[in-house]
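Below is one structure, written out as structure tokens; the observations come after it.
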There are 2 protein chains.
Amino acid sequence: MSKQVVPVMCCSPLTGAPLSAAEAAELAGVFKAIADPVRLRLLSLIASHAGGEACVCDLTGAFALTGPTISHHLKVLREARLIDGERRGTWIYYRVRPELLAQLSAVLVHDVPAAVRADVPLSAEAAT
Amino acid sequence: MSKQVVPVMCCSPLTGAPLSAAEAAELAGVFKAIADPVRLRLLSLIASHAGGEACVCDLTGAFALTGPTISHHLKVLREARLIDGERRGTWIYYRVRPELLAQLSAVLVHDVPAAVRADVPLSAEAAT
DNA sequence: TGTCAAGGTAGAAGTATGTCGAAGCAAGTC
DNA sequence: GACTTGCTTCGACATACTTCTACCTTGACA
């Protein structure tokens with residue numbers, strides 16, 4: 001593997017029906033993306049930054065890691081569709097995509113209200 | 001590592017304040033436990049089994065994996081406090097612990113209602 | 001166009017994880 | 001007590017992941 005292609009999040013709640021192997025693999029790919037302290041902090045750093053977005057320069061300073069390493073983790077998060085990057089002049093700004101987070105959250109419990117689950121319509125997806 | 005000791009789940013929602021390194025490490029440990037297709041299926045298999053619990057014999061048959069491998073994954077889930085095992089005669093029965101799942105879910109979104117978050121009071125913890 | 005700064009990609013090294021076979025422990029049966 | 005069944009632990013091995021250094025790409029500006 002190495003390529004964590006996560007097409008469109010599926011999956012009924014964990015506590016509902018047994019997951020199929022394909023669903024489990026898809027879900028595991030996303031969870032794997034956030035199952036790292038650095039990426040978790042990256043995510044919360046971006047999400048809690050003013051305006052809901054942060055440039056890489058803001059993020060690099062928060063870790064005792066080199067630029068390429070941060071870049072690698074951001075790429076993993078991007079490939080998992082958890083964040084979106086946008087270049088604005090010299091800097092690249094990242095923002096989290098709450099819809100996937102909400103879906104993940106919904107999978108973990110069986111009674112998260114639909115309002116949360118459908119935070120942002122998934123049909124708006126156009127990730128490339 | 002190898003020892004995934006997860007004392008008591010902490011952590012404010014990801015989209016709230018930036019996670020500290022310690023919080024991130026703790027959270028990442030639990031996410032790492034579920035960031036595997038086999039463990040995810042194991043979890044959903046147990047949760048959706050009649051009575052909310054399943055014996056290892058029920059689980060082993062669902063995978064093209066050897067007993068020791070299933071046992072290893074169950075141990076990881078147990079150490080992450082996501083499941084509980086209980087020996088009853090010849091068989092060992094596992095059941096999921098929805099409270100940690102609910103907490104994890106609450107971390108991923110910022111507006112999960114308290115009713116879900118506090119599914120089961122964490123103070124009841126006595127995991128060793 | 002040339003230069004600088006911000007970030008990304010490539011490849012390598014060390015470490016962690018997933019899987020297996022062999023062996024061991026616990027409970028039930030004869 | 002000996003045997004069988006169910007499950008875990010141990011040790012080994014292959015693969016995946018994290019991090020680094022070196023180098024490349026992109027955009028701003030003189």
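Each chain gets a letter, A, B and so on, in the order the sequences are listed, and its residues count up from 1.
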Restricting both atoms to N or O, compile the protein contacts to nucleotides 18-24 of chain C shorter than 3.5 Å, with distance only.
from, atom 1, to, atom 2, distance (Å)
C:dG18, OP1, B:Asp36, OD2, 3.1
C:dG18, OP1, B:Arg39, NH1, 3.4
C:dG18, OP1, B:Arg39, NH2, 3.2
C:dG18, OP2, B:Arg39, NH1, 3.3
C:dT19, OP2, B:His73, NE2, 2.4
C:dC20, OP2, B:Thr66, N, 3.1
C:dC20, OP2, B:Thr66, OG1, 3.0
C:dC20, OP2, B:Thr69, OG1, 2.6

* Step by step, would you call A:Leu59 with A:Leu74 a side chain to side chain contact (heavy atoms under 4.5 Å, CB included)? -> CA-CA 10 Å; A:Leu59 305 171; A:Leu74 287 170; 4.0 Å; yes
* Pairs satisfying salt bridge (charged side-chain N to carboxylate O under 4.0 Å, His left out), at least one member in residues 34-49 of chain A, at least two apart -> none
* Structure fact -> One should read off an interatomic distance between A:Leu101 CG and A:Leu43 CG, to the nearest 0.5 angstrom, of 5.5 Å
* B:His72 side chain near B:Val76 side chain, heavy-atom distance below 4.5 Å -> yes
* **Rounded distance in Å - CD1 (A:Ile92) to C1' (C:dA6)** => 7 Å
* Structure fact -> Here the distance between atom P of D:dC20 and atom CD1 of A:Ile70, to the nearest Å, is 9 Å
* **Contacts of type side chain to side chain contact (heavy atoms under 4.5 Å, CB included), residue B:Arg87, not counting sequence neighbours** => B:Ile92
* Asked: Roughly how far apart are A:Glu99 CD and A:Leu82 CG, rounded to 0.5 Å?
  -> 9.5 Å
* Atom pair CZ/CG of A:Phe63 and A:Leu42 - distance to nearest 0.5 Å -> 4.5 Å
* **Whole angstrom value for the distance that separates P of C:dG8 from OH of A:Tyr93** => 13 Å
* Asked: Using a cut-off of 4.0 Å on non-hydrogen atoms, how would the nucleic acid contact of B:Tyr94 be classed: base, sugar-phosphate, or nothing?
  -> sugar-phosphate
* **Interatomic distance, A:Leu77 CG vs C:dG8 C1' [rounded to whole Å]** => 15 Å
* Using atom CG of B:Leu42 as one end and atom P of D:dT8 as the other, report the distance to the nearest whole Å. => 10 Å
* **Whole angstrom value for the distance that separates P of C:dA16 from CD of B:Glu79** => 15 Å
* **Listed partners of B:Glu53 passing side chain to side chain contact (heavy atoms under 4.5 Å, CB included), at least two apart** => B:Arg88, B:Tyr93, B:Arg95
* Asked: Touch check for B:Ser71, heavy atoms < 4.0 angstrom, all strands: base, sugar-phosphate only, or nothing?
  -> base
* Using the test salt bridge (Lys or Arg N to Asp or Glu O under 4.0 Å), find all partners of A:Asp58 that sit at least two apart in sequence or belong to another chain. => none
* Check the distance between D:dT5's C1' and B:Trp91's CH2 and give it to me in whole angstrom. => 9 Å
* To do: Check the distance between D:dT18's C1' and A:Leu74's CG and give it to me in whole angstrom.
  => 14 Å
* Asked: Contact class for A:Phe63 (heavy atom, under 4.0 Å): base, sugar-phosphate, or nothing?
  -> nothing
* Structure fact -> Ordered by number, residues from residues 50-61 of chain B within less than 4.0 Å of DNA chain D (heavy atoms) are B:Val56, B:Cys57
